[in-house]
Number of protein chains: 2
Amino acid sequence: MARPSRFREPDVLTRAMLVFWQHGFAGTSVRHLEQATGLTASSLYNRFDSKEALFASVLDHYIVKVVQWRIDRYLRADDALAGLRRFFDSTYDYISEQRPPMACLLANTALEKSASDHAVRAQLDRGLALLEDAFADCLQRAVQAGQLRADCDCRRWARHLLLCLQGVLVDSTIHPDHARLSELVDGVMAALPLQQH
Amino acid sequence: MARPSRFREPDVLTRAMLVFWQHGFAGTSVRHLEQATGLTASSLYNRFDSKEALFASVLDHYIVKVVQWRIDRYLRADDALAGLRRFFDSTYDYISEQRPPMACLLANTALEKSASDHAVRAQLDRGLALLEDAFADCLQRAVQAGQLRADCDCRRWARHLLLCLQGVLVDSTIHPDHARLSELVDGVMAALPLQQH
DNA sequence: TTCATTTTGTAGCGATCGTTACAAAATGGA
DNA sequence: TCCATTTTGTAACGATCGCTACAAAATGAA
């Protein structure tokens, strides 16, 4: 057959992901990607058609490895509300571990890339729909567990949580302060239609 | 004296602002700025030291001409809650007038520029503090008018509103749909500690 | 009218951008 | 062993990047 590749594709995508995540699409050069992945440009272009195509693959990778992973890890916990809280906490836990905070590749891309880039837009839609559905499921379980009021409109509250999540992510890059962010999330959780005991 | 300038500085800043707002800092070239302002690069560099310095001036311009203007226009209305609602509405009204939606230059910059760029960070802080204070004042007036409960912690709710605003702005670029955004703002307003009648 | 001063337009600087041509290197199959 | 196939490293392509040198143009002061 052919000469074997020196790198596994998931590793390349993960390393490229971190660069795009931190510096954005326009702010990331192919030279930078070469350095981060350890591949030369010719190898990168051999696997991916262009910087744009690599970015599309990275976006898919992010949705599975970061978004879906966090959904599975937190939003499927037995205690739905506690899981939701931990999901938000983990968001800025993750951020404050990094230097500097990088928010969320989906939100970054939403604000950076042109709205006329329909392929990227569709990927963002998919990633955020994943989150919205996971929020809705989580809230539904909280209703069934008697944590939230029975008349809670889970779909609408899921959209509200998605909105708050994006707000937390933007805020975390401006005020990377754990206490402040935790207080903000307190407010988000308290706004939910909690079941009164 | 000297040869007079063909352009007024505020006009130049406004035009440059629209370009940075839409395409980001890295995504905006000096050629693009020349075209948008009608000035040549030599004229731009004669007034501003660098692209970075021009961006800093543009950010100041944005804080005064867009942020402060909207605060004065909406958040100082006699009916504090109605003004607050109109402030949020105006945010995505403004967005849907544009092709494509451009969110907010402060949020865009927060997610794009490096956290180590302390000068830009300080400007973002200033702009967002302006908004937070205006929200707090607005809520305080709503409390005094009996629209919100007397025990409302206006400062915390102001931060919450700032969070929701950023969320709305991100969402508006992904789903530039007026009805959906209006429903989201319904949720934000309903979450406030309204005085029960 | 001459001069000092600032803005303007032209033209292009070196550096970096995304991308590619090409041949050497590394494999399994024949 | 030789071949077909794919990856790799080297080197560089034309285009564009942020930026600037330089002189002509346009003003008020002397």
Side-chain angles (χ1 to χ4, degrees), chain A residues 1-59 61 105 108-109 112-114 116-117 119-120, chain B residues 1-59 61 105 108-109 112-114 116-117 119-120:
Chain A
M1 286 291 282
R3 175 174 178 171
S5 174
R6 296 177 53 234
F7 296 88
R8 300 189 323 110
E9 180 157 315
D11 295 341
V12 173
L13 289 176
T14 296
R15 294 184 184 184
M17 178 183 78
L18 292 172
V19 180
F20 281 127
W21 195 350
Q22 186 167 344
H23 298 103
F25 179 79
T28 297
S29 69
V30 175
R31 265 74 170 178
H32 200 165
L33 290 167
E34 291 187 68
Q35 179 187 330
T37 60
L39 293 172
T40 59
S42 65
S43 292
L44 284 171
Y45 277 90
N46 186 51
R47 294 196 201 208
F48 309 97
D49 288 343
S50 62
K51 181 188 172 190
E52 197 85 38
L54 170 58
F55 185 73
S57 296
V58 162
L59 222 43
H61 189 74
L105 184 57
N108 298 0
T109 304
E112 179 190 1
K113 295 282 276 182
S114 163
S116 58
D117 192 336
V120 166
Chain B
M1 283 290 283
R3 174 173 180 172
S5 174
R6 296 177 54 234
F7 296 87
R8 301 190 319 111
E9 180 156 316
D11 295 340
V12 173
L13 288 177
T14 296
R15 294 183 185 186
M17 178 183 77
L18 291 172
V19 181
F20 281 128
W21 196 350
Q22 187 167 343
H23 299 102
F25 179 79
T28 297
S29 69
V30 175
R31 264 74 169 179
H32 200 166
L33 291 168
E34 291 188 68
Q35 179 187 331
T37 60
L39 293 172
T40 59
S42 66
S43 292
L44 283 172
Y45 279 90
N46 186 51
R47 294 195 200 209
F48 310 95
D49 288 343
S50 63
K51 182 188 171 189
E52 197 85 39
L54 170 58
F55 185 72
S57 296
V58 162
L59 222 43
H61 189 73
L105 184 57
N108 298 1
T109 305
E112 180 189 359
K113 295 281 278 182
S114 163
S116 59
D117 192 334
V120 165

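The basis for the numbers below is simple: all heavy atoms, side chains too, and nothing from hydrogens, waters or symmetry mates. Order of the sequence lines sets the chain letters (A, B, ...), proteins ahead of strands, with each chain counted from 1.
Protein chain B touches strand DNA chain D; the 5'-most and 3'-most nucleotides with an atom under 4.0 angstrom of its non-hydrogen atoms are D:dC17 to D:dG28.
Taking A:E34 as the reference, nothing meets the salt bridge (Lys or Arg N to Asp or Glu O under 4.0 Å) condition, with sequence neighbours excluded. Residues passing the side chain to side chain donor-acceptor pair (under 3.5 Å) test with B:S43 are B:T40, sequence neighbours excluded. Annotation: salt bridge (Lys or Arg N to Asp or Glu O under 4.0 Å) contacts of B:D117 (sequence neighbours excluded): B:K113. Annotation: salt bridge (Lys or Arg N to Asp or Glu O under 4.0 Å) contacts of A:R6 (sequence neighbours excluded): none. Applying the side chain to side chain donor-acceptor pair (under 3.5 Å) test to A:R31 and every residue at least two apart in sequence or in another chain returns nothing. Shown here are the side chain to side chain donor-acceptor pair (under 3.5 Å) partners of A:S50, two or more places apart in sequence or in another chain: there are none. In this view, A:H61 satisfies the ring pair (Phe, Tyr, Trp, His ring centres under 6.0 Å) rule with no residue, not counting sequence neighbours.
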I'd like a table of atom pairs between the protein and nucleotides 14-19 of chain C - only N or O on both sides, under 3.5 Å - with the distance next to each one.
from	atom 1	to	atom 2	distance (Å)
C:dC17	OP1	A:S29	OG	3.4
C:dG18	OP1	A:T28	O	3.2
C:dG18	OP1	A:K51	NZ	2.7
C:dG18	OP2	A:V30	N	2.7
C:dG18	N7	A:R31	NH1	2.7
C:dG18	O6	A:R31	NH2	3.2
C:dT19	OP2	A:Y45	OH	2.4
C:dT19	OP2	A:K51	N	2.9
C:dT19	O5'	A:Y45	OH	3.2

Tabulate protein N/O versus nucleotide N/O from nucleotides 26-30 of chain C, keeping only pairs under 3.5 Å, one per line.
from	atom 1	to	atom 2	distance (Å)
C:dT27	O2	A:M1	O	2.2
C:dG28	O4'	A:M1	N	2.3
C:dG28	N9	A:M1	N	3.3
C:dG28	N3	A:M1	N	3.3

Please lay out, stage by stage, how B:F48 and B:L13 fare under the test side-chain contact (heavy atoms from CB on, under 4.5 Å). CA-CA 11 Å; B:F48 310 95; B:L13 288 177; 4.0 Å; yes
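No donor-acceptor pair under 3.5 Å is formed between the side chain of A:E112 and the backbone N or O of B:G24. Judged purely by atom type and a 3.5 angstrom limit, B:K51 has no side-chain atom pairing as donor or acceptor with the backbone of B:Y45.
Here OG of A:S5 is found 8.5 Å from CG of A:N46. Values are rounded to the nearest 0.5 Å.
Of the residues in residues 5-12 of chain A, A:S5, A:R6 come within less than 4.0 Å of DNA chain D through at least one heavy atom, sorted by number.
Each salt bridge (charged side-chain N to carboxylate O under 4.0 Å, His left out) pair with one or both residues in residues 11-21 of chain B, not counting sequence neighbours, appears once here: B:R8-B:D11.
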